[in-house]
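The chains referred to below are lettered A, B, ... by the order of the sequence lines, with proteins before strands, and numbering in each begins at 1.
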2 protein chains.
Amino acid sequence: MVSIVSVAKAAGVSNKTVSRVINGEPHVTEDTRERVEKAIRDLGYIPNMAARQIRSSRSNTFGIITDYVSTTPYSVDIVRGIQDWANTHGKSILMANTGGLPEREAEIWKMFQSHRIDGVLYVTMYHRVVDPEAGDVSIPTVMINCRPQTSELLPSIEPDDFQGARDLTRYLLERGHRRIGYIRLNPILLGAELRLDAFRRTAKEFGLAESDLSIRLGMEGPVGAEENYVFAAASDILQQKDRPTAIMSGNDEMAIQIYIAALTLGLRIPQDISIVGFDDFRTVSLALKPELTTAALPYYDLGFQGAEWLNGVISEEKVRASRRVVSCKLVERTSVRAL
Amino acid sequence: MVSIVSVAKAAGVSNKTVSRVINGEPHVTEDTRERVEKAIRDLGYIPNMAARQIRSSRSNTFGIITDYVSTTPYSVDIVRGIQDWANTHGKSILMANTGGLPEREAEIWKMFQSHRIDGVLYVTMYHRVVDPEAGDVSIPTVMINCRPQTSELLPSIEPDDFQGARDLTRYLLERGHRRIGYIRLNPILLGAELRLDAFRRTAKEFGLAESDLSIRLGMEGPVGAEENYVFAAASDILQQKDRPTAIMSGNDEMAIQIYIAALTLGLRIPQDISIVGFDDFRTVSLALKPELTTAALPYYDLGFQGAEWLNGVISEEKVRASRRVVSCKLVERTSVRAL
DNA sequence: CAAGGGAATGACAACGTCGACAATTTTCAT
DNA sequence: ATGAAAATTGTCGACGTTGTCATTCCCTTG
């Protein structure tokens, strides 16, 4: 492999001078700079990060730990956000996946340490509470889409499920809906309670009674193998004597079944029943016809801002453990009718 | 940071001996081995990959280049497959995303080289034909879910779209369907032609005439911003006088709209119309009711086998450029009725 | 008990890079 | 022209690891 030494030889200068050129340091004549750059181009020299890292004990690499990359295609945008930040700031990304196994997680932390990672982004694919198996390890870490169990040990950045659900509920209420159905997310997910709570409170603020709300559980059980009641729950809600004029779905995916239930009963969307989702999982929200009005989870921003924050934590050295929240933007499409 | 030297000092041996213990080399007394291992544990020593790499010029790291991690949540399982293989074989994964920009791709290849990556997995999120911007670079590479434009320059591993579509078509034919609709994928995708071709041929083999097939284009245009005709196309097919008894969808996502079109017309699934998808994109295929019969893209295996193959290529040094194909398994659920 | 052989251990250099410092050349005011 | 400051370039060592080769020690065999 071509190293700084071969370049130096080719350019007829010392290797230190080559180093200076590479790192854009001052005190190099324009003439020598050009000669060195030519040699670099001719030889196809590319700096060796490993060697740099040994010298500087900085790897310029971030690690990403995810729980399940698979099973859930939702939050890939988090990773994209991280990558975009990393790319524009000359950082590399080392990536690993626990598959939900704690022993694997421990291995991954070791692997990260052996690469002398500068920092870790701990990403979960569902908004939830977790405890990184970091334990003894003290690498700067930012949690994305989740927050630590044990108090505020680590900085975390999360979507504002409450605000998103509040905005959606208001959106329905402002359009005159006064009887509203709600299909709940799997209670395991942190978003489940936040969204339901926002729905309930906002409805109450607008003067609706609990009896105006038809709330049903849509799913429960371990993630990836949950019991699914959505279709039955939606059918049930829609066959009530005083049928709601709108249904709010715990997320977009469940909205598929609500659509099917409504159509099966001969109801038209949105003429007979309005529906809103949550997440803006576009594979679904755009495939549904009419297209689904929903609140977009800010996954990309979570990733991008998370990476930026981690970078700050690394350079500042002071781990200001705190919690940030990114808002969910309401995406208006055509699944809701104004009464 | 604690290094091999500190361990040696703590254990009262030379650093070479520590190295021997770490790498499981022979010629170490059980006694000293234990002493060294104790020191390692006490000090929390973790080998420095960068230093190893400098000595050995092997990084034990694979790079993954993807085009769009985002926009398409489909093929994340490829990444999971790769990670699982890597994890069980002590390799690390450096990951980057081109976002479809050639200039970014060039940067990424440089970044990979600067980390002295052992090999690259070039992954596309859609099954398609591409040309890696590797150009001058000569890192061992395996292409996953795509194949090279210019002849057989690189090894590639792809799903067998043809076989999957053939099996699905047979499945319908064997259940007595003789008039079948087909909604075509975006022609940009490699799978589009393969699947349609398999459908046509298999139908012909079973004696169906071209007039028994209602083939419509479902989508076209650039990926991520395509025109979507699926709902209209499905409605059209379903309103023909001699309505097909089954519709085959280019993929699962488009099947959502076919369901909605059918239900909107008051047709029951599968009693009045049978539907099959393709991909087994479970967020959709399991959310649809009745659940969707489909052919599963072998994404996980593509990733796992691709990583394994790359490892072979790296150690053998001979780049046997060839093309491998992994079959798509038919997943029978309840969206098809036997006539 | 001497000689030979193998096992256990260590000393040292080198991988590629860059910081500290030294040496050399250029520039500029006097 | 002269000395001093500034700019340019170079030398050397260290980062953590392991391959090569040398050294020490113990055991076997005649």
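- Checked for salt-bridge contact, A:Arg104 and B:Asp84 meet the test: a charged N lies under 4.0 Å from a carboxylate O.
- Across all strands shown, A:Glu25 has heavy atoms under 4.0 Å from sugar-phosphate atoms exclusively, and none from any base.
- With rounding to whole Å, B:Asn23 atom CG is found 10 Å from D:dT17 atom P.
- Applying the 4.0 Å criterion to OP1 and OP2 of D:dT9, one finds that A:Thr29 has a side-chain N or O inside that range.
- Across B:Glu25 and B:Arg33, no two heavy atoms sit closer than the pair O-NH2, 3.6 Å.
- Ring geometry for B:Trp85 against B:Phe304 counts as perpendicular: the plane angle is over 60°, on a 0 to 90° scale with 30° as the lower cut.
- Residue-level contact check: A:Pro26 touches neither bases nor backbone, having no heavy atom under 4.0 Å from any strand.
- One interatomic measurement links the two molecules: CZ of A:Arg55 to C1' of C:dA20, which rounds to 9 Å at whole-angstrom precision.
- No side-chain N or O of A:Gln305 forms a donor-acceptor pair with one of A:Tyr300 less than 3.5 Å apart.
- For the pair B:Asn15 CG and D:dC15 C1', the interatomic distance rounds to 13 Å; values are reported in whole Å.
- Here the P atom of nucleotide D:dG19 and the CZ atom of B:Arg20 are 10 Å apart, to the nearest Å.
- Between A:Lys16 atom NZ and D:dG13 atom P the separation is 16 Å, expressed in whole Å.
- Here the C1' atom of nucleotide D:dT8 and the CZ atom of A:Arg35 are 12 Å apart, to the nearest Å.
- Regarding contacts with the backbone of C:dT9, a side-chain N or O of B:Thr32 is found under 4.0 angstrom from either OP1 or OP2.
- Each of B:Arg116 and B:Ser14 was matched to the nucleotide of DNA chain C holding its nearest heavy atom; the match closer to the 5' end belongs to B:Ser14.
- Comparing D:dT18, D:dT9, C:dG16 by their nearest atom to the side chain of B:Arg52 picks out D:dT18.
- Residue B:His27 contributes atom NE2, which lies 15 Å from atom P of D:dC21 at whole-angstrom precision.
- In this structure, B:Tyr126 OH and B:Leu189 CG are separated by 7.0 Å, a value rounded to the nearest 0.5 Å.
- An OP1 or OP2 oxygen of D:dG10 is reached within less than 4.0 angstrom by a side-chain nitrogen or oxygen of A:Thr17.
- Contact check, B:Ser3 against D:dC15: no side-chain N or O comes under 4.0 Å of OP1 or OP2.
- Atom CZ of A:Arg33 and atom C1' of D:dT9 are 13 Å apart (whole Å).
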